[in-house]
S.K.: 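One structure, pasted below without further comment.
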Amino acid sequence: TLADELAKINNKYVFNVVKFGTKGDGVTDDTTAIKKAVTEASNNKNSAVLYFPKSKGYITTDTINIPDGIDVIMDSPILYNGADEKIALSIGNPNKHNMDREFKIQCQSKIDYHWVNESNIGVKIINAYGCKINFIGRVSKFTQGILLEAINGLGFTMNEIQLPTIFNSKIGLHIASVNRGWANANNYYGGFFGKASNDNPDKDHIAILIDSPDKSYPGNNSNNFYGPRFEGGPFMKPIEVQGHGNTFFNIRAENCSSKF
């Protein structure tokens with residue numbers, strides 16, 4: 001089988017997107033090739049690593065959906081160049097916990113979407129449980145930079161998350177509980193939230209939002225943030241939280257709204 005021919009890391013099969021036809025030249029649309037790699041990795045759930053080797057970046061024009069049970073390691077970013085109503089990268093299953101996975105994620109936009117459509121999301125991770133999530137580099141120019149979602153009575157919980165620079169987004173980091181999902185007990189490290197002065201001037205934006213958009217679970221709790229930094233001008237609200245027992249340590253906030 002294909003899996004038998006692949007290299008291994010920690011006894012997991014490595015599905016290198018280059019072997020499925022990606023160019024990684026920052027010009028060619030690699031969407032179809034990446035989707036082929038995802039399909040093959042999906043046939044080896046819980047023993048698969050989807051690997052993006054060092055390159056100039058992988059152009060995509062449609063959502064890359066990675067199901068549960070697959071580790072993701074990106075040594076170069078996805079460069080999204082598609083429609084503004086889509087998500088660039090989605091990981092997980094709305095009806096199942098994605099347990100004990102490891103993610104190293106890089107995702108950027110080639111287009112400035114001007115915050116027109118809140119369905120325009122850089123990275124969405126669903127129902128992660130006990131995962132190590134490491135965002136690398138910069139997530140920028142999306143209406144929502146990163147959406148971490150607990151949905152359908154399941155949790156986004158017990159994760160260790162290294163945050164990146166999140167730049168020029170209407171909502172930088174959105175932690176959402178939907179349809180009785182619960183986003184509790186996660187540790188977040190670092191993160192720089194900023195905005196260029198000439199990008200969407202005079203528009204309100206939020207760096208970190210914790211909420212339940214459908215009000216099905218207003219009690220998001222025990223999320224700990226260590227050392228987040230905010231610098232986004234007077235229209236940036238650094239933090240908005242719906243819940244209790246969420247703690248922020250060693251905040252640095254410069255040149256942004258004093259409203260927390």
Side-chain angles (χ1 to χ4, degrees), residues 68-69 87 89-105 118-119 121-135 139 142-166 169-194 204-230 232 236-253 256-260:
D68 61 284
I87 302 166
L89 175 65
S90 181
I91 301 174
N93 185 331
N95 297 305
K96 185 178 180 181
H97 278 128
N98 199 8
M99 307 221 24
D100 301 322
R101 305 264 60 90
E102 183 173 351
F103 305 124
K104 178 182 175 183
I105 298 171
E118 290 200 10
S119 297
I121 300 167
V123 181
K124 180 179 181 180
I125 302 180
I126 309 163
N127 293 339
Y129 194 126
C131 297
K132 294 180 180 179
I133 304 171
N134 187 6
F135 290 98
V139 176
F142 297 99
T143 304
Q144 295 192 63
I146 297 171
L147 172 60
L148 306 178
E149 185 176 76
I151 190 170
N152 295 337
L154 299 171
F156 186 96
T157 187
M158 306 297 288
N159 301 294
E160 298 288 317
I161 302 153
Q162 179 67 50
L163 295 174
T165 292
I166 304 177
S169 291
K170 182 178 180 180
I171 302 174
L173 172 64
H174 188 184
I175 301 165
S177 295
V178 180
N179 192 24
R180 300 171 292 103
W182 35 278
N184 300 336
N186 300 286
N187 290 326
Y188 297 85
Y189 303 94
F192 173 67
F193 300 83
D204 291 333
H205 51 292
I206 301 171
I208 297 175
L209 173 62
I210 303 176
D211 72 350
S212 177
D214 62 1
K215 298 179 171 41
S216 62
Y217 183 78
N220 297 299
N221 67 85
S222 303
N223 293 291
N224 300 309
F225 292 80
Y226 299 92
R229 295 163 291 155
F230 308 96
M236 173 188 275
K237 186 175 185 179
I239 300 165
E240 182 175 315
V241 176
Q242 298 172 17
H244 58 87
N246 300 286
T247 309
F248 293 79
F249 301 92
N250 299 322
I251 291 173
R252 179 183 182 274
C256 53
S257 171
S258 60
K259 297 179 181 179
F260 280 72

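Numbering starts at 1 and runs along the sequence shown.
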S.K.: Which atom pair, heavy atoms only, marks the closest approach of Gly145 to Val139?
M.R.: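 Where Gly145 meets Val139 most closely, the heavy atoms are O-CG1, 3.6 Å.
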S.K.: Which pair of heavy atoms, one from Ile239 and one from Val241, lies closest together, and at what distance?
M.R.: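 Looks like CG2-CG2, 3.5 Å.
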S.K.: Are any of the side-chain heavy atoms of Ile175 and Asn220 separated by less than 4.5 Å?
M.R.: no
S.K.: Answer whether the closest heavy-atom distance between the side chains of Ile105 and Ile91 falls below 4.5 Å.
M.R.: yes
S.K.: Nearest 0.5 Å, what's the CG-CG distance between Asn93 and Asn152?
M.R.: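 Answer for the CG-CG pair, Asn93 versus Asn152, is 9.0 Å.
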S.K.: Nearest 0.5 angstrom please: Lys124 NZ to Ile146 CD1, how far?
M.R.: 14.0 Å
S.K.: What pairs with Phe135 under ring-ring contact (aromatic ring centres under 6.0 Å, His included), at least two apart in sequence or on another chain?
M.R.: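 ring-ring contact (aromatic ring centres under 6.0 Å, His included) list for Phe135, sorted by chain: empty.
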S.K.: Under 3.5 Å, is there a donor-acceptor pair between the side chain of Ser212 and the main chain of Tyr217?
M.R.: yes
S.K.: Please report the shortest heavy-atom distance between Pro213 and Ala176, naming the atom on each side.
M.R.: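 Scanning both residues, the minimum pair turns out to be CD-CB, 4.0 Å.
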S.K.: Under the side-chain hydrogen bond (donor to acceptor under 3.5 Å, both in side chains) rule, what do Asn224 and Asn187 come out as? Steps first, then yes or no, please.
M.R.: CA-CA 5 Å; Asn224 300 309; Asn187 290 326; 3.2 Å; yes
S.K.: Do Val178 and Ser216 come close enough that some side-chain heavy atom pair is under 4.5 Å?
M.R.: no
S.K.: Give the ring-plane orientation class for Trp182 versus His97, where under 30° counts as parallel, over 60° as perpendicular and anything between as tilted.
M.R.: perpendicular
S.K.: What do the steps show when you test Leu163 against Leu173 for side chain to side chain contact (heavy atoms under 4.5 Å, CB included), and what is the final call?
M.R.: CA-CA 9 Å; Leu163 295 174; Leu173 172 64; 4.0 Å; yes
S.K.: Glu160: which residues meet the salt bridge (Lys or Arg N to Asp or Glu O under 4.0 Å) condition with it, sequence neighbours left out?
M.R.: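 With sequence neighbours excluded, Glu160 shows a salt bridge (Lys or Arg N to Asp or Glu O under 4.0 Å) to no residue whatsoever.
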S.K.: Do Leu209 and Gln144 have side-chain heavy atoms sitting under 4.5 Å apart?
M.R.: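 When only atoms from C-beta onward are counted, Gln144 and Leu209 do not touch, as no gap falls below 4.5 Å.
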S.K.: Using atom types as modelled and distance alone, determine if a side-chain donor or acceptor of Asp204 lies under 3.5 Å from a backbone N or O of Lys237.
M.R.: no
S.K.: Are the side chains of Val123 and Phe103 in contact, using a 4.5 Å heavy-atom criterion?
M.R.: no
S.K.: Test your reading of the model: is there a side-chain donor-acceptor pair from Asn223 to the backbone of Asn246, 3.5 Å cut-off?
M.R.: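 No, the answer is negative, given that no donor and acceptor are paired below the 3.5 Å cut-off.
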S.K.: Is there a side chain to side chain contact (heavy atoms under 4.5 Å, CB included) between Asp68 and Arg101? Walk through the geometry before answering.
M.R.: CA-CA 9 Å; Asp68 61 284; Arg101 305 264 60 90; over 6 Å; no
S.K.: What are the two closest non-hydrogen atoms of Ala150 and Phe156, and how far apart are they?
M.R.: CB-N, 3.4 Å
S.K.: Between Gln242 and Pro218, is there a side-chain heavy-atom distance shorter than 4.5 Å?
M.R.: no
S.K.: Roughly how far, to the nearest 0.5 Å, is the OG atom of Ser90 from the CD1 atom of Ile121?
M.R.: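 So the gap between those two atoms works out to 8.5 Å.
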S.K.: Are Leu147 and Ile87 side-chain neighbours, meaning at least one heavy-atom pair lies under 4.5 Å?
M.R.: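 When only atoms from C-beta onward are counted, Ile87 and Leu147 do not touch, as no gap falls below 4.5 Å.
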S.K.: Are the side chain of Ser169 and the backbone of Phe142 linked by a donor-acceptor contact shorter than 3.5 Å?
M.R.: yes
S.K.: Could you check if a side-chain atom of Asn159 sits within less than 4.5 angstrom of a side-chain atom of Leu148, using non-hydrogen atoms only?
M.R.: no
S.K.: If you round to the nearest 0.5 Å, how far is CG of Asn179 from CD of Glu149?
M.R.: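 These two atoms lie 9.5 Å from each other.
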S.K.: Check whether Asn127 reaches the backbone of Pro94 with its side chain - one donor and one acceptor, N or O, closer than 3.5 Å.
M.R.: yes
S.K.: Which pairs, with at least one residue in residues 171-186 and sequence neighbours excluded, count as a salt bridge (Lys or Arg N to Asp or Glu O under 4.0 Å)?
M.R.: none
